[in-house]
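Taking it in order: structure first as structure tokens, then the write-up.
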Amino acid sequence: MRTPRLIALLAAIGSAVAVSPSLASTRVAPADFFPGCAPSTTAPALTVGRVACQRLPSAAIGGTTAFSYYIPPGCAPALKRHCPVIYALHGFGGDYTSVLGTGDEPSAYIAALTSAPDPFPVRDPWRYADPTTWTAKPAIDAILVAPDGRTVPGGYGPTSGLDGFWVDWNPRYGKGGNSPKYATAPPRFEAQLTSELIPYVERTFPVGRGREWRSLTGVSLGGYGSYGIGLRHPDMFVSLGSVSGAMNFLFGPGLDVAGRPMPGPQVSSVGVGPVIHLPGLGANVPVASLPAEAQGFAVALLALGDPAADAAYFRGHMPRDLARNGFAHNGSGQVLDIRGFYNDAIPHNPNDLKDPGGVMGAVALEVIVIEMNQTQQRAFKDTSVAWTVALHKGTHSNEYRNAWLRDLLSKQYALLRHADGSGKPRAAATSFDFRSTDSAFAVWGWKFAVMREATEFLVTSQVSCKQLTLRGTGRVTVTVPASCQTGFKGQRTFDVDLGPSHPVDDPGVGQLSAYGRTATVALTAY
């Protein structure tokens with residue numbers, strides 16, 4: 001997506017917020033940011049058969065956050081059995097109640113655990129938006145957990161109540177960065193999920209521990225979060241789901257390429273002297289002084305940065321640019337299930353015309369979602385990653401989504417480990433590709449640390465216990481999993497020199513094979 005399309009997206013979001021007072025109201029921090037949620041504790045009194053919420057202290061976002069959850073009767077702690085978990089991320093302008101609802105008003109996600117439209121599949125999904133019209137189905141015994149994706153009062157960021165975009169914010173613009181725009185450390189929403197919420201749930205809820213017990217899904221911006229976080233951590237989940245996911249919503253200028261490296265002459269990096277960080281003009285937006293309904297989408301320029309100057313940071317968090325991270329295989333095939341659906345942006349229900357303002361916003365958002373998902377589909381195809389995606393009728397609204405939720409949840413559930421020992425989680429990867437702009441990361445038991453100044457992609461490919469290929473710049477320290485019982489010259493941990501980093505952050509050319517150096521390392525038993 002080029003900058004004009006970014007503007008169109010923000011305009012569409014603004015329109016949707018403007019016609020939805022409930023969304024605009026989330027921008028104002030109330031005295032109690034999480035009303036009715038149980039206080040923070042290491043031993044929560046869990047509620048069964050009813051949506052509830054729990055507060056949780058967070059070092060990642062600098063304050064107390066919360067999450068809602070639903071424990072089906074078949075997963076009650078008294079039964080002393082472990083159940084799988086589906087983590088569900090809300091969309092733009094939402095909060096911890098947006099996906100699951102509340103105890104008094106549970107959402108269609110809760111209904112989908114025990115019922116569905118009948119007959120199915122449906123030709124007219126808007127007629128089945130109300131779950132009370134659904135037919136009883138076998139129970140899906142999965143615990144649902146929905147985190148809150150907003151900055152919190154007294155926490156990190158320029159103000160509270162801002163969408164976190166499900167990313168660890170660009171450290172450049174927080175306190176201590178080279179272009180600080182607010183007076184705190186950057187909030188880290190990805191880390192809050194992966195390093196705080198998931199461990200907390202696995203310590204205190206009746207759930208199994210580890211990858212085979214976890215799936216991730218999301219709606220709209222939450223669909224982006226599901227794929228963005230999931231493709232950055234493909235070893236943490238068995239399945240990723242998306243409902244009208246807002247993929248790749250910020251593409252900066254640069255080569256619009258995806259997939260495996262494009263052909264070109266191999267050249268070494270040309271970095272000499274210190275790296276020059278281009279000015280991030282987009283982050284000069286005075287977020288805290290904007291109207292409440294505008295703060296949410298303007299803060300994206302702080303969360304990810306300037307679309308041009310911070311192109312590498314954008315791309316390091318965009319599902320389109322992370323598509324190849326889904327290329328992880330064992331002897332039986334791809335191990336990460338990736339699925340979802342989006343709509344055709346047409347208001348099929350005649351009653352939609354009674355609310356032309358709401359329909360216009362919902363149509364505009366889904367039009368942009370269509371292009372994003374088509375781009376995502378091409379990226380997965382280019383990287384030989386299987387993606388199960390469907391196109392349904394309707395706009396960017398629950399009116400058209402609800403009828404399909406049971407289908408998505410049941411298929412994600414089928415690949416999880418179940419309380420009775422059944423389920424079909426796919427075995428961990430024995431070979432994989434992975435790319436990241438992080439200076440240090442771990443995936444599938446491997447560890448990589450890169451010594452370089454610029455923000456650039458390190459690309460790993462054909463990684464297995466027998467060999468690996470690296471492409472990029474800097475000095476890379478690799479640690480092979482102990483289970484491989486292999487290494488380089490008898491060492492599990494070794495360095496690979498890819499040459500100096502470039503003089504500026506990657507402007508979007510990191511997919512070209514002419515970028516950086518390539519090194520293949522053969523591993524031998526020790």
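Computed from heavy atoms alone, side chains included, the values below leave out hydrogens, waters and symmetry copies.
- Note: Phe327 CZ to Leu231 CG = 14.0 Å, rounded to the nearest 0.5 Å.
- In this structure, Phe67 and Phe205 have tilted ring planes: the angle between them lies in the 30° to 60° band.
- The salt bridge (charged side-chain N to carboxylate O under 4.0 Å, His left out) check on Asp148 picks up Arg150, with sequence neighbours excluded.
- Looking only at side-chain heavy atoms (C-beta outward), Val219 and Leu89 stay at 4.5 Å or farther from each other.
- Here Tyr182 contributes atom OH and Tyr173 contributes atom OH; the two are 10.5 Å apart, rounded to the nearest 0.5 Å.
- Inter-residue side-chain proximity for Phe34 and Asp95 is flagged as unmet; no heavy-atom pair is nearer than 4.5 Å.
- When all heavy atoms are compared, the tightest approach of Met247 to Ser242 is CE-OG, 3.3 Å.
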Discussion item. Between Asp420 and Arg81, is the salt bridge (charged side-chain N to carboxylate O under 4.0 Å, His left out) condition met? List the steps.
Written reply: CA-CA 8 Å; Asp420 62 2; Arg81 61 202 308 234; 5.6 Å; no

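- From Leu221, atom CG reaches atom CG of Leu365 across 11.0 Å, with rounding to the nearest 0.5 Å.
- Residues forming a side chain to side chain donor-acceptor pair (under 3.5 Å) with Arg55 (at least two apart in sequence, or on another chain): Asp32.
- In this view, Phe448 and Phe441 satisfy the ring-ring contact (aromatic ring centres under 6.0 Å, His included) rule, not counting sequence neighbours.
- Evaluated for a ring-ring contact (aromatic ring centres under 6.0 Å, His included) with His90, the options Trp166, Phe189, Tyr109, Tyr224 yield exactly one hit, Trp166.
- Within 6.0 Å of the NZ atom in Lys137, the count of heavy atoms belonging to other residues, nucleotides or ligands exceeds 12.
- Contact between Arg211 and Ala428 at its shortest, heavy atoms only, is NH1-N, 3.9 Å.
- Residues Pro44 and Gln54 come closest through the heavy atom pair CB-OE1, 3.4 Å.
- Taking CE from Met236 and CD1 from Ile229, the interatomic distance works out to 9.5 Å, rounded to the nearest 0.5 Å.
- Closest approach of Ala129 and Asn398 over heavy atoms only: CB-O, 4.4 Å.
- Proximity of Trp446 to Thr479: side-chain heavy atoms (C-beta onward) are nowhere separated by under 4.5 Å.
- Put simply, the side chain of Ser244 reaches to within 4.5 Å of the side chain of Glu366, judged on heavy atoms.
- Residues Leu197 and Leu56 are in side-chain contact: their nearest non-hydrogen atoms beyond the backbone lie under 4.5 Å apart.
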Practice prompt. Check step by step if side chain to side chain contact (heavy atoms under 4.5 Å, CB included) holds for His396 and Tyr342.
Written response: CA-CA 8 Å; His396 202 75; Tyr342 58 100; over 6 Å; no

Practice prompt. Quick one: do Gln192 and Ser58 satisfy side-chain hydrogen bond (donor to acceptor under 3.5 Å, both in side chains)? Show the steps, please.
Written response: CA-CA 7 Å; Gln192 198 280 320; Ser58 172; 4.5 Å; no

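- Classification of the Phe432-Trp444 ring pair by plane angle, with boundaries at 30° and 60°, yields tilted.
- Within the 4.5 Å cutoff, the side chain of Pro72 has heavy atoms near those of the Ile143 side chain.
- Relative orientation of the His392 and Phe341 rings is tilted, given thresholds of 30° and 60° on the angle between their planes.
- A distance of 10.5 Å separates CD1 in Ile110 from CG in Leu405, rounded to the nearest 0.5 Å.
- Using a cut-off of 4.0 Å between Lys/Arg side-chain N and Asp/Glu carboxylate O, Lys411 and Asp337 are scored as not salt-bridged.
- For the side-chain hydrogen bond (donor to acceptor under 3.5 Å, both in side chains) condition, the pairs that include at least one residue of residues 111-127, sequence neighbours left out, are Asp124-Arg127.
- Taking Arg417 as the reference, Glu212 meet the salt bridge (charged side-chain N to carboxylate O under 4.0 Å, His left out) condition, with sequence neighbours excluded.
- The shortest distance between side-chain heavy atoms of Asn325 and Arg435 falls below 4.5 Å.
- Between the side chain of Gln412 and the main chain of Ser215, no donor-acceptor pair closer than 3.5 Å is present.
- Using a cutoff of 4.0 Å between basic side-chain nitrogens and carboxylate oxygens, Arg50 and Asp104 are scored as salt-bridged.
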Practice prompt. Would you check, one step at a time, whether the test salt bridge (charged side-chain N to carboxylate O under 4.0 Å, His left out) holds for Arg324 with Asp433?
Written response: CA-CA 6 Å; Arg324 71 180 300 151; Asp433 290 359; 3.3 Å; yes

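- The two atoms that bring Ser107 and Gly101 nearest to each other are CB-N, 3.9 Å, heavy atoms only.
- In terms of heavy atoms, Ala185 sits closest to Tyr156 at O-CB, 3.1 Å.
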Practice prompt. With side-chain hydrogen bond (donor to acceptor under 3.5 Å, both in side chains) as the test, would you mind laying out the steps for Asp352 and Tyr400 before giving the verdict?
Written response: CA-CA 11 Å; Asp352 289 343; Tyr400 294 99; 2.4 Å; yes

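- In this structure, the ring of Trp134 has its center no less than 6.0 angstrom from the ring center of Phe120.
- Residues His317 and Val167 meet the side-chain proximity criterion, which asks for heavy atoms closer than 4.5 Å.
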Worksheet item: Given the rule in the side chain to side chain contact (heavy atoms under 4.5 Å, CB included) test, do Leu302 and Asn170 qualify, once you have shown the distances and angles that lead to the verdict?
Response: CA-CA 7 Å; Leu302 294 179; Asn170 194 330; over 6 Å; no

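- Under the side chain to side chain donor-acceptor pair (under 3.5 Å) criterion, Gln374 pairs with no residue, sequence neighbours left out.
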